[in-house]
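Structure first, commentary second.
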Amino acid sequence: MLEQDFSARIRQLRATYADIAEVTDLPKLDREIAELEQQASAPDLWDDPDAAQVVTSGLSHRQARVRKVRGVESRIDDVEVLAELAEEADDADTEAEVLAELTAIETLIQDLEVQTLLSGEYDAESAVMTIRSGAGGDDATDFAEMLLRMYLRWAEDRGYTTKVLDTSYAEGAGIKSATIEIDAPYAFGTLSVEAGTHRLARISPFGSADKRQTSFAAVEVIPLLAAATEVEIPENDIRVDVYRSSGPGGQSVNTTDSAVRITHLPTGIVISMQNEKSQIQNRAAAMRLLQARLLILQKEEEAAKKKELAGNITASWGDQIRSYFLYGQQLVKDLRTGFESSQPDAVFDGDLDGFIAAGIRWRSLNK
């Protein structure tokens, strides 16, 4: 006789899934996919690359969303059949398989539940994240690089496509700043709760006195908007500087001046790109990101929304969202939600889902 009764857990999964499917509105997504597939099949689609990008990106994001939601329903069906087989055969190995699959489905359901809270205007978009070192010298630039690796690992674990758009290396350890693109449905809504100042406290590996060092890094997250090409930017509103791309320690990455820095003179926004192969590619990537930033600014009516979407982070005391303690008691604690982990190594390896889910729920309750 098997010890487990799986029926109650499966009923709960089906009930929760039904709520998620209703909120997701799968029929509406199916209609949108059909319309976008028709547009994508047009022979002249790529005559306008910007418009084509809007169509193909919108199509792939909606298809991924539908696959994820319907895939969960299929897995619930399969695990229910497997549970019946385990009961009929009174087989402990099959029971263990059912338990493992139920746990995995419950994790997916929790992820989908959190995603239903992402209803902001830009939440469904891909994201561009910028990490900047703050106060703390070499410890701060090292910390910024640790955060960069953390977010890249998080995205990699979830199968998201990432691209490092720009990296400014520090003269000593780590980085001054880095900008990455994370191409996935709801990447902005998910990661926007990570925007703010992050604080690291540890015994500095760069000092000789074995003293505790506190350092800071700022994280900014903005949506990558396919529609950003609607923004017209007059040439006399920008200054374009080209320079040689650089690697760690100031070493030259290539022998041509391919890196591009665009300054939008009316707003003071500066966008740098150096990781594409040519100056033309870097300029195009920088302009796309600048257009996204400006489109957001056009749509913002209040300073509070401006800070929420694009951030005005000082990377010092005052607006910290999370602390990482790597001395004495090993701990990572979010100062808004109270969520914490006693395994900072796992967190820096990309184990962020608990922090992100807590942040999304906290934001939903505090709107």
Side-chain angles (χ1 to χ4, degrees), residues 1-26 29 61-119 123-124 150-151 153-160 182 184-187 189-194 332-334 336-343 345-347 349-365:
M1 184 74 177
L2 292 180
E3 297 180 2
Q4 298 288 333
D5 178 9
F6 301 117
S7 57
R9 289 176 70 177
I10 293 173
R11 283 197 302 271
Q12 181 60 51
L13 285 174
R14 287 200 181 281
T16 306
Y17 173 80
D19 292 339
I20 291 171
E22 182 178 359
V23 172
T24 303
D25 197 351
L26 292 173
L29 284 175
H61 284 190
R62 286 168 177 78
Q63 288 173 331
R65 175 71 167 157
V66 168
R67 280 196 303 270
K68 185 173 183 179
V69 175
R70 290 206 167 111
V72 169
E73 182 180 31
S74 177
R75 289 179 70 170
I76 294 174
D77 292 339
D78 291 344
V79 79
E80 187 170 32
V81 172
L82 191 62
E84 292 171 357
L85 291 174
E87 184 177 357
E88 291 173 4
D90 195 22
D91 178 54
D93 289 340
T94 307
E95 179 186 23
E97 187 178 348
V98 173
L99 277 172
E101 179 64 1
L102 280 174
T103 301
I105 295 172
E106 285 166 350
T107 300
L108 286 173
I109 286 283
Q110 289 171 5
D111 186 44
L112 287 173
E113 274 190 296
V114 170
Q115 204 168 91
T116 62
L117 299 175
L118 301 178
S119 56
D123 281 351
M150 179 179 77
Y151 289 117
R153 289 293 298 273
W154 174 84
E156 177 186 345
D157 289 344
R158 298 172 73 88
Y160 292 169
I182 301 172
Y186 289 90
T190 302
L191 287 170
S192 58
V193 296
E194 292 293 294
V332 181
K333 183 169 184 176
D334 194 284
R336 303 160 299 176
T337 67
F339 188 90
E340 61 183 45
S341 170
S342 60
Q343 299 180 321
D345 287 346
V347 173
D349 276 338
D351 186 8
L352 289 171
D353 286 346
F355 287 97
I356 290 173
I360 291 172
R361 290 190 175 98
W362 173 85
R363 182 176 62 189
S364 178
L365 293 171

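Just so you know, these numbers come straight off a predicted model, no measurement behind them.
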Find the distance between [atom1] ([X]) and [atom2] ([Y]) and round it off to the nearest 0.5 Å.
{"X": "Tyr17", "Y": "Gln12", "atom1": "OH", "atom2": "CD", "result": "15.5 Å"}
{"X": "Asp351", "Y": "Ile356", "atom1": "CG", "atom2": "CD1", "result": "10.0 Å"}
{"X": "Arg14", "Y": "Ile109", "atom1": "CZ", "atom2": "CD1", "result": "10.5 Å"}
{"X": "Glu73", "Y": "Ile105", "atom1": "CD", "atom2": "CD1", "result": "11.5 Å"}
{"X": "Gln115", "Y": "Asp123", "atom1": "CD", "atom2": "CG", "result": "9.5 Å"}
{"X": "Ile10", "Y": "Ile76", "atom1": "CD1", "atom2": "CD1", "result": "9.0 Å"}

For this session: Please assess Val98 against Leu85 for the test side-chain contact (heavy atoms from CB on, under 4.5 Å), listing each intermediate value before the final yes or no.
Result: CA-CA 10 Å; Val98 173; Leu85 291 174; over 6 Å; no

Check whether [X] reaches the backbone of [Y] with its side chain - one donor and one acceptor, N or O, closer than 3.5 Å.
{"X": "Thr24", "Y": "Leu26", "answer": "no"}
{"X": "Ser192", "Y": "Gly189", "answer": "yes"}
{"X": "Thr107", "Y": "Thr103", "answer": "yes"}
{"X": "Arg336", "Y": "Val193", "answer": "yes"}

What are the two closest non-hydrogen atoms of [X] and [Y], and how far apart are they?
{"X": "Tyr151", "Y": "Glu194", "result": "OH-OE1, 2.6 Å"}
{"X": "Trp362", "Y": "Thr337", "result": "CB-CG2, 3.5 Å"}
{"X": "Ala358", "Y": "Phe339", "result": "CB-CB, 3.9 Å"}

Is the shortest heavy-atom distance from the side chain of [X] to the side chain of [Y] under 4.5 Å?
{"X": "Phe6", "Y": "Glu87", "result": "no"}
{"X": "Leu82", "Y": "Asp78", "result": "no"}
{"X": "Arg9", "Y": "Leu99", "result": "yes"}
{"X": "Thr190", "Y": "Trp154", "result": "yes"}

For this session: Show your reasoning for whether side-chain contact (heavy atoms from CB on, under 4.5 Å) applies to Asp353 and Asp111.
Result: CA-CA 9 Å; Asp353 286 346; Asp111 186 44; 6.0 Å; no

Exercise. Taking everything shown except Glu84 itself, do over 12 heavy atoms lie less than 6.0 Å from its CD?
Worked result: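 Atom CD in Glu84 is crowded, with more than 12 foreign heavy atoms closer than 6.0 Å.
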
Exercise. Within a radius of less than 6.0 Å around NZ of Lys333, do more than 12 heavy atoms belonging to other residues, nucleotides or ligands occur?
Worked result: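 No, because the 6.0 Å sphere around NZ of Lys333 holds 12 heavy atoms or fewer from other groups.
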
